[in-house]
There are 2 protein chains.
Amino acid sequence: MPKQVDYASRRRRIAEAVCLLADEQGPEGVSMRDVAARAEVSLGAVQRCFRTKEEMLLFAVEHIGERVMERVRARLGASPAQSAATALGHAAEEVALLREDHRTEARIWLVFVARACVSASLAAPLRRSYAALEGLLVRLVTEAAESGPGVGSAMPPHVVREARTLLALTDGLTSHVLVGHLTTEQAEDVLHAHLTGLWERLGVTTAS
Amino acid sequence: MPKQVDYASRRRRIAEAVCLLADEQGPEGVSMRDVAARAEVSLGAVQRCFRTKEEMLLFAVEHIGERVMERVRARLGASPAQSAATALGHAAEEVALLREDHRTEARIWLVFVARACVSASLAAPLRRSYAALEGLLVRLVTEAAESGPGVGSAMPPHVVREARTLLALTDGLTSHVLVGHLTTEQAEDVLHAHLTGLWERLGVTTAS
DNA sequence: CCGTAAGCGATACAGTCGTATCGGAAAAAG
DNA sequence: CTTTTTCCGATACGACTGTATCGCTTACGG
């Protein structure tokens with residue numbers, strides 16, 4: 001057999017290039033040729049990794065979803081114990097891709113969301129990512145509620161609602177920052193105020 | 001002078017076609033030829049109305065922004081007096097384009113937002129629309145707060161923060177519905193819960 | 001009544017798109 | 001060594017893109 005190649009890593013490399021291009025050139029700027037050039041491979045190589053462009057984008061959106069999720073988990077692992085409430089705060093900060101160094105991921109995310117409204121196949125992995133994030137937030141909210149004085153703890157439906165509220169709020173804030181309607185500071189201010197209110201609602205006693 | 005034509009109305013007609021196409025074909029589906037066909041005019045006619053495609057999209061995004069804003073105002077005018085709180089509720093419902101008949105506008109909005117992250121010229125009118133919506137919400141929140149028992153009324157910074165929270169939340173919910181992460185009912189549930197909390201915070205006494 | 005200019009739609013153009021194809025380089029297997 | 005199989009990058013192709021150009025029609029101003 002001839003030259004063997006690590007397809008998995010090449011696909012990842014190409015997905016990275018897709019994200020970079022989607023970020024700096026917008027949705028229309030992502031052509032197979034540009035992706036190939038950005039990934040420093042030939043057009044043929046890209047075609048061998050992905051039969052079609054749609055397939056490539058699909059892989060890229062899964063890639064980004066995993067990256068965000070993984071970063072949130074890493075942030076949680078970094079500050080291990082502490083209070084469940086601050087953990088939730090950190091997670092929310094990470095999900096809302098507000099800081100400049102995550103702006104790229106935020107733009108890519110938005111590009112894919114816009115595209116997914118039309119292409120059902122693109123929507124599926126996006127839904128999976130949202131579901132995973134929601135699940136994580138539900139877990140964190142639950143833990144935060146339990147750590148409080150626990151008036152009996154909020155009943156589950158409220159918890160899910162709070163998680164969804166938080167997820168939608170962070171997503172909205174992110175896009176508002178991206179279009180320039182809000183500054184990063186303003187968005188963080190809104191997010192922190194919401195979290196403070198959430199803690200009060202849960203009956204959490206927080207130090208900071 | 002020869003034949004005179006009503007450019008204003010034609011531009012509006014073309015903008016309408018842009019929106020329809022952006023909705024059903026996505027961002028990539030909006031080509032000059034398709035727009036011309038959808039608007040039932042010749043390609044040349046489109047070119048005479050808008051020197052360039054960018055210019056056409058710019059007009060279309062302004063058009064959509066005005067339409068949404070106008071609809072919110074119409075809704076407020078329809079239920080004139082009542083309480084300031086229910087007015088705020090109606091406005092929020094209208095801003096979050098949740099109902100099926102507004103789904104189209106929501107998709108178009110998202111397409112433009114995604115594009116605006118890259119093209120600065122597209123971002124400008126979008127920012128104006130957001131600013132107008134935020135202004136409206138600030139006004140409604142203020143009125144709702146004043147109509148309450150008025151412990152001294154919430155101080156302005158809080159009002160702005162609440163308005164921004166509401167705007168970001170509605171935007172986030174809208175996109176989550178569009179990608180299918182939430183159903184319309186779930187999103188409405190989240191929105192209503194948030195509004196209830198907001199009223200409590202403002203000290204508003206609401207009948208319903 | 002005629003010239004002039006605004007509007008018309010068709011066509012041309014150069015470029016880019018996604019995809020298909022193909023001859024040759026390269027490396028494991030015999 | 002030769003054979004065989006996998007991968008390579010270049011090129012080809014047709015469709016479509018945004019924009020420019022160009023006669024022709026049309027209707028008002030003089």
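Below, all heavy atoms of this structure are taken into account, side chains as well, without hydrogens, waters or symmetry copies. First the proteins, then the strands, lettered A, B, ... as listed; each starts at 1. Everything quoted here is computed from the prediction, not taken from an experiment.
Residue B/Gln47 has its side chain nearest to D/dA20 when only C/dT19, D/dG9, D/dA20 are considered.
Ionic pairing of A/Glu24 and A/Arg107 is not present here: no N-O contact between side-chain nitrogen and carboxylate oxygen is shorter than 4.0 angstrom. In this structure, B/Glu143 pairs ionically with B/Arg139, as a charged nitrogen and a carboxylate oxygen lie closer than 4.0 Å. Note on A/Arg103 versus A/Glu100: salt bridge recorded, some NZ/NE/NH1/NH2 to OD/OE distance being below 4.0 Å. Between B/Arg67 and B/Glu16 there is a salt bridge, since a side-chain N of the basic residue sits under 4.0 Å from a carboxylate O of the acidic one.
A distance of 4.0 Å separates SG of B/Cys19 from CD1 of B/Ile64, quoted to the nearest 0.5 Å.
As judged by a 4.0 angstrom heavy-atom cut-off over every strand, B/Tyr7 is placed among residues touching the sugar-phosphate backbone only.
Position along DNA chain C of the nearest nucleotide to A/Thr52 versus B/Arg48 favours B/Arg48 as the more 5'-ward residue.
Regarding A/Ile14, its CD1 atom lies at a distance of 15 Å from the C1' atom of C/dG18, rounded to whole Å. Atom CD of B/Glu54 is separated from atom C1' of D/dT17 by 15 Å (rounded to the nearest Å).
In the region residues 18-43 of chain A, proximity to DNA chain D at under 4.0 angstrom, judged on heavy atoms, holds for A/Arg33, A/Ser42.
Under 3.5 Å, the side chains of A/His192 and A/Glu93 contain a donor-acceptor pair of N or O atoms.
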